[in-house]
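First the proteins, then the strands, lettered A, B, ... as listed; each starts at 1. These numbers were taken from a predicted model, which means no experiment stands behind them.
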Protein chains: 2
Amino acid sequence: MTRVLVVDDEPQLIRALVINLKARKYEVDAAQDGAGALRLAAARPPDVVVLDLGLPDMDGADVIRGLRGWTRVPIIVLSARHSSDEKVQALDAGADDYVTKPFGMDELLARLRAAVRRAEPVTGPGEGAVVATDTFTVDLAAKKVRRDEADVRLTPTEWHLLEVLVRNRGRLVGQTQLLQEVWGPAYRTETNYLRVYMAQLRRKLEADPSRPRHFVTEPGMGYRFEP
Amino acid sequence: MTRVLVVDDEPQLIRALVINLKARKYEVDAAQDGAGALRLAAARPPDVVVLDLGLPDMDGADVIRGLRGWTRVPIIVLSARHSSDEKVQALDAGADDYVTKPFGMDELLARLRAAVRRAEPVTGPGEGAVVATDTFTVDLAAKKVRRDEADVRLTPTEWHLLEVLVRNRGRLVGQTQLLQEVWGPAYRTETNYLRVYMAQLRRKLEADPSRPRHFVTEPGMGYRFEP
DNA sequence: GTCAATCTTGGCGCCATCTTGACGGCCGGG
DNA sequence: CCCGGCCGTCAAGATGGCGCCAAGATTGAC
């Protein structure tokens, strides 16, 4: 699911955006000032940022630069100022788009889709998204798993689970987190599913499924993927 | 040097843009209608396109789609229409930005810089526009499919679908993405269409349509084109 | 106005996938 | 030593996605 970070100091506008975005199946985080936005963006990296320039605590351009220091996430700027100067400043600071208030929700959503669309392939046709072990390789962009020179067929659930583990490679991923990301918040206690699907993954990918070397169980806590 | 393709039917506006762009060390090509724009874009692939929607010979969205068929070059749309609908249509057709006339030259240049900047790391215009398999070849630029020494006739929808798949060759394309790109954002759940049109493509292009080797179904996730 | 091509819509059967429950082994604590 | 929690394994029933077919709508050409 695409995650949007909304930054604005007007609770009303935040409310309106959150409602509209959630109705369209976006995951939404919200912050009311620049410092909070930067903190939230680091904690839960968004796929696109909607940023109001008129924040109480920081200059808008500084927020943009704060993000651009470590991420290429698309930034759509909102502002009440029509001044050409302000637009140029924001865009040159690293923003991707500039929308003046008041704006049509349809238009903002369309610009948001455009921003997400063109950002997608940045991770895509490139390279680096391939993780390898001694027995198999995972291509996150192409959604492909190869083992012994042949493609391995994974079901959607299997793939989703593998994806979460690989994205956190080397780190322990808690059972709750796995269940929540793959099956949704309502399944946080169904540890049964994890057992069944971890077994599937191991059977399809491990050299010796009964003695897993890459999908490690951490009893009582969760699972870890070791490249 | 960055090459800009300017498309507009007003010679005055073209003159103004050409002067401003050349002064800033851009290389500039210009076309006065949609057909000329598509021809020129194919002959001398630009790094960014500035496109007026009010062209005499073609609908603006069709020009966008004509470009998007084979290239991901950033497209900045100019238009006198402020209608929200028109903006949404252009953006969803594949445009990256939408500027309403009259506009400040500073702003346009800033948006142009932003578009070029974020497109930078993407693969240059050297992508092969012809993709071949053992039974047929697809020429994205010429919009032609050859099989057994003869051209294959495809309907517009079939083309569009094939186009999206081929552009993402080797990678899995989600059902939602396919539906959204081919039929529009409102059809993201009509998986019926996919089944029908994938069957059409397979019937026309696969050696054995009932056992597809190039248009692979990934149940529950999407489809993949394998060259 | 007629006709053909294309797009939309619905239904049906099959099969992979998901869900769910049960069982046994391992391990640490009482 | 026994017991309870946790994990791995297996299998059967429920579910839902997919391919396929075919009949209306719709569009566009003549």
Side-chain angles (χ1 to χ4, degrees), chain A residues 143 145 151-163 165 172-176 178-179 181-184 186-224, chain B residues 58-59 62 65 143 145 151-165 172-184 186-225:
Chain A
K143 288 208 192 327
V145 181
D151 288 348
V152 180
R153 254 188 69 61
L154 294 184
T155 72
T157 308
E158 288 162 7
W159 173 260
H160 204 166
L161 180 60
L162 176 65
E163 205 175 0
L165 288 168
L172 170 66
V173 187
Q175 307 181 346
T176 312
L178 280 173
L179 286 164
E181 292 214 31
V182 177
W183 282 271
Y187 293 73
R188 288 190 294 185
T189 57
E190 303 284 346
T191 57
N192 250 342
Y193 294 1
L194 280 184
R195 292 208 290 280
V196 172
Y197 277 90
M198 285 303 305
Q200 304 261 18
L201 279 183
R202 298 206 251 237
R203 195 175 320 138
K204 290 186 177 180
L205 298 178
E206 289 277 6
D208 181 356
S210 62
R211 312 245 311 257
R213 296 183 49 240
H214 301 105
F215 298 98
V216 187
T217 302
E218 302 279 358
M221 312 191 59
Y223 295 85
R224 178 204 312 276
Chain B
M58 294 176 63
D59 181 31
D62 286 333
R65 280 187 279 268
K143 286 203 188 309
V145 182
D151 286 351
V152 180
R153 209 183 132 52
L154 295 183
T155 72
T157 307
E158 287 164 6
W159 242 115
H160 207 340
L161 180 60
L162 177 65
E163 219 171 276
V164 176
L165 287 168
L172 173 66
V173 187
Q175 314 180 350
T176 312
Q177 185 185 343
L178 281 172
L179 287 164
Q180 184 161 331
E181 292 211 30
V182 177
W183 282 271
Y187 293 73
R188 288 192 294 186
T189 57
E190 303 285 345
T191 57
N192 259 351
Y193 295 2
L194 282 183
R195 293 209 290 278
V196 173
Y197 277 89
M198 285 303 304
Q200 304 262 19
L201 279 183
R202 297 206 251 240
R203 197 174 317 136
K204 289 186 177 180
L205 298 178
E206 289 277 5
D208 180 356
S210 64
R211 309 182 39 140
R213 295 183 49 242
H214 302 104
F215 298 97
V216 185
T217 302
E218 301 280 359
M221 301 196 284
Y223 295 85
R224 181 201 310 275
F225 171 69

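Neither OP1 nor OP2 of dC18(C) sits under 4.0 Å from any side-chain N or O of Trp183(A). Side-chain nitrogen and oxygen atoms of Tyr193(B) include at least one within less than 4.0 Å of the OP1 or OP2 phosphate oxygen of dT9(C). Between Tyr223(B) and dG19(D), a side-chain N or O to OP1/OP2 separation shorter than 4.0 Å is present. Between Arg195(A) and the phosphate of dT9(D), there is no side-chain N or O to OP1/OP2 separation shorter than 4.0 Å. Checking the phosphate oxygens (OP1, OP2) of dC18(D), a side-chain nitrogen or oxygen of Gln175(B) falls inside 4.0 Å.
Proximity of residues 152-162 of chain B to DNA chain D (heavy atom under 4.0 angstrom from any strand atom) is not detected for any residue.
Counting non-hydrogen atoms under 4.0 angstrom, Arg202(B) reaches the backbone sugars and phosphates but no base. Within the 4.0 angstrom heavy-atom criterion, no nucleotide atom of any strand lies near Thr191(A).
Distance, Asn192(A) CG to dC7(D) P: 11 Å, rounded to whole Å. The distance between atom CG of Leu179(B) and atom C1' of dC18(D), rounded to the nearest whole Å, is 14 Å. At whole-Å resolution of the value, CD in Gln200(B) and P in dC18(D) are 18 Å apart.
How far CG of Leu201(B) is from CZ of Phe215(B): 5.0 Å, rounded to the nearest 0.5 Å. Remark: Tyr223(A) OH to Leu178(A) CG distance equals 8.5 Å, nearest 0.5 Å. Atom CG of Asp151(A) is separated from atom CZ of Arg224(B) by 6.5 Å, given to the nearest 0.5 angstrom.
Salt-bridge formation is detected for the pair Glu163(B)/Lys143(B): a Lys NZ or Arg NE/NH1/NH2 atom is positioned less than 4.0 Å from an Asp or Glu carboxylate oxygen. Under a 4.0 Å N-O distance rule, the pair Glu158(A)/Lys204(A) qualifies as a salt bridge.
The side chain of Ala199(A) sits closest to dT9(D) out of dC7(C), dT9(D), dC7(D).
The 5' end of DNA chain D is approached more closely, in terms of each residue's nearest nucleotide, by Pro219(A) than by the other of Arg203(A) and Pro219(A).
Looking at heavy atoms from C-beta onward, Met221(A) lies in side-chain contact with Leu172(A) at the 4.5 angstrom threshold.
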